[in-house]
Amino acid sequence: MPRQQQPARPARRRSYDQFCAAARALDSVGDRWTLLIVRELLAGPRRYTDLHADLPGVSTDVLASRLKDMEQGGLAVRRRLPPPAAAAVYELTEHGRGLLPVLTALARWGAPALAERRPTDAVRAHWFALPLLRALDGVIHEGVVEVRLEEGEFHIRTGARAAGVEVYGYGPAGQPDACITLTTDVALAIGRGERTLAEAVREGTAQVLGDGPLADGLRADDGSAPDGLSPTRL
């Protein structure tokens with residue numbers, strides 16, 4: 001009588017097997033590329049092809065594997081958009097969005113390593129959102145700030161944020177409350193804490209467009225427009 005084949009057991013993910021919160025966290029997000037996928041999804045739902053395009057260097061097999069692991073770990077979900085789009089997208093769960101402070105802290109820790117751009121370095125405009133989020137953390141006015149760099153545009157939400165709302169997004173904002181125009185080098189300096197946005201505006205290395213309270217608050221550390229600096233319309 002032929003021996004009955006036993007059903008295959010699901011592969012167990014590698015674990016540090018340590019009763020430690022940091023080790024448990026790394027069991028979920030410690031694999032290469034996982035946190036960078038989280039960085040992309042913090043800006044909102046994305047199709048697989050868009051993720052692959054904005055993660056230069058990742059293979060399709062590795063990306064598919066990491067996304068599957070993130071679904072199994074409760075960090076992300078895959079859903080289908082309603083017609084006429086009818087495309088499948090990945091988005092973070094509330095558990096996954098809880099990694100925002102982790103990514104912000106990592107960006108702050110890694111910022112000094114960006115003193116010089118290597119010839120092989122890829123760059124996307126929205127990768128500057130994390131350091132700028134930390135730099136604008138003290139802004140009290142709620143609204144949407146569009147950031148314009150040489151590499152492109154992205155937008156950031158300031159002030160109190162509703163649960164489930166992305167803190168930054170790809171591309172230009174539909175109706176921004178303020179716009180910031182600056183170079184990559186100035187954005188890096190602000191992200192490293194070497195200067196504030198208000199200082200960059202006064203130096204003429206950054207420009208804030210808009211005439212509402214949010215724009216005024218961005219121009220000055222104390223939330224009011226500095227003497228002699230008139231608001232510039234969008």
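All values below were derived from every heavy atom in this structure, side-chain atoms included, with hydrogens, water molecules and symmetry-related copies excluded. Remember, it's a predicted structure, so these values are computed and weren't measured experimentally.
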Closest approach of [X] to [Y] (non-hydrogen atoms, all atoms of both residues):
{"X": "Val208", "Y": "Ala215", "value": "CG1-O, 3.7 Å"}
{"X": "Asp121", "Y": "Arg117", "value": "O-NH2, 3.3 Å"}
{"X": "His155", "Y": "Gly171", "value": "ND1-O, 2.9 Å"}
{"X": "Glu91", "Y": "Pro45", "value": "OE1-CG, 3.4 Å"}
{"X": "Ala129", "Y": "Ile156", "value": "O-CD1, 4.1 Å"}
{"X": "Arg195", "Y": "Ala200", "value": "CD-CB, 4.1 Å"}

Got a second to check how far [X]'s [atom1] is from [Y]'s [atom2], nearest 0.5 Å?
{"X": "Arg219", "Y": "Ile180", "atom1": "CZ", "atom2": "CD1", "value": "10.0 Å"}
{"X": "Leu36", "Y": "Leu106", "atom1": "CG", "atom2": "CG", "value": "9.5 Å"}
{"X": "Thr205", "Y": "Glu203", "atom1": "OG1", "atom2": "CD", "value": "4.5 Å"}
{"X": "Leu92", "Y": "Leu99", "atom1": "CG", "atom2": "CG", "value": "7.5 Å"}

Discussion item. Between Glu151 and Thr184, do the side chains contain a donor N or O and an acceptor N or O under 3.5 Å apart?
Written reply: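 There is such a pair between these side chains.
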
Worksheet item: Distance only, no hydrogens: is a donor on one side chain within 3.5 Å (strictly under) of an acceptor on the other, for His126 and Glu40?
Response: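 Result is yes, a qualifying pair exists.
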
Quick one: are [X] and [Y] in side-chain contact, heavy atoms under 4.5 Å?
{"X": "Val38", "Y": "Leu41", "value": "no"}
{"X": "Arg148", "Y": "Cys179", "value": "yes"}
{"X": "Leu132", "Y": "Ile190", "value": "yes"}
{"X": "Val139", "Y": "Val145", "value": "no"}
{"X": "Gln72", "Y": "Met70", "value": "no"}
{"X": "Val58", "Y": "Ile37", "value": "no"}
{"X": "Glu71", "Y": "Tyr90", "value": "yes"}
{"X": "Tyr48", "Y": "Leu63", "value": "yes"}

Discussion item. If you count heavy atoms of other groups shown closer than 6.0 angstrom to CZ of Arg108, is the number above 12?
Written reply: no

Worksheet item: Take atom CZ in Arg47; do more than 12 heavy atoms of anything else shown fall under 6.0 Å from it?
Response: no

Worksheet item: Any salt bridge between Glu166 and Arg97, counting N to O under 4.0 Å?
Response: no

Worksheet item: Given Leu103 and Leu35, is the side chain to side chain contact (heavy atoms under 4.5 Å, CB included) satisfied, shown in steps?
Response: CA-CA 8 Å; Leu103 267 295; Leu35 283 175; 3.7 Å; yes

Practice prompt. Tell me, with the steps shown, if Leu136 and Leu218 meet side chain to side chain contact (heavy atoms under 4.5 Å, CB included).
Written response: CA-CA 8 Å; Leu136 301 181; Leu218 293 173; 3.9 Å; yes

Between the side chain of [X] and the main-chain N/O of [Y], is any donor-acceptor distance below 3.5 Å?
{"X": "Arg39", "Y": "Leu130", "result": "no"}
{"X": "Thr158", "Y": "His141", "result": "yes"}
{"X": "Asp177", "Y": "Val144", "result": "yes"}
{"X": "Glu146", "Y": "Ala173", "result": "yes"}
{"X": "Thr104", "Y": "Arg134", "result": "no"}

Fill in: Candidate pair Arg80 and Arg78, rule side chain to side chain contact (heavy atoms under 4.5 Å, CB included), full reasoning
CA-CA 7 Å; Arg80 186 164 291 278; Arg78 182 178 182 270; 4.2 Å; yes

Worksheet item: Taking it one step at a time, do Tyr170 and Arg46 satisfy side chain to side chain donor-acceptor pair (under 3.5 Å)?
Response: CA-CA 10 Å; Tyr170 306 98; Arg46 303 212 74 189; 3.3 Å; yes

Discussion item. If you apply the rule side chain to side chain contact (heavy atoms under 4.5 Å, CB included), what do you find for Val147 with Tyr168, and how did you get there?
Written reply: CA-CA 10 Å; Val147 181; Tyr168 62 89; over 6 Å; no

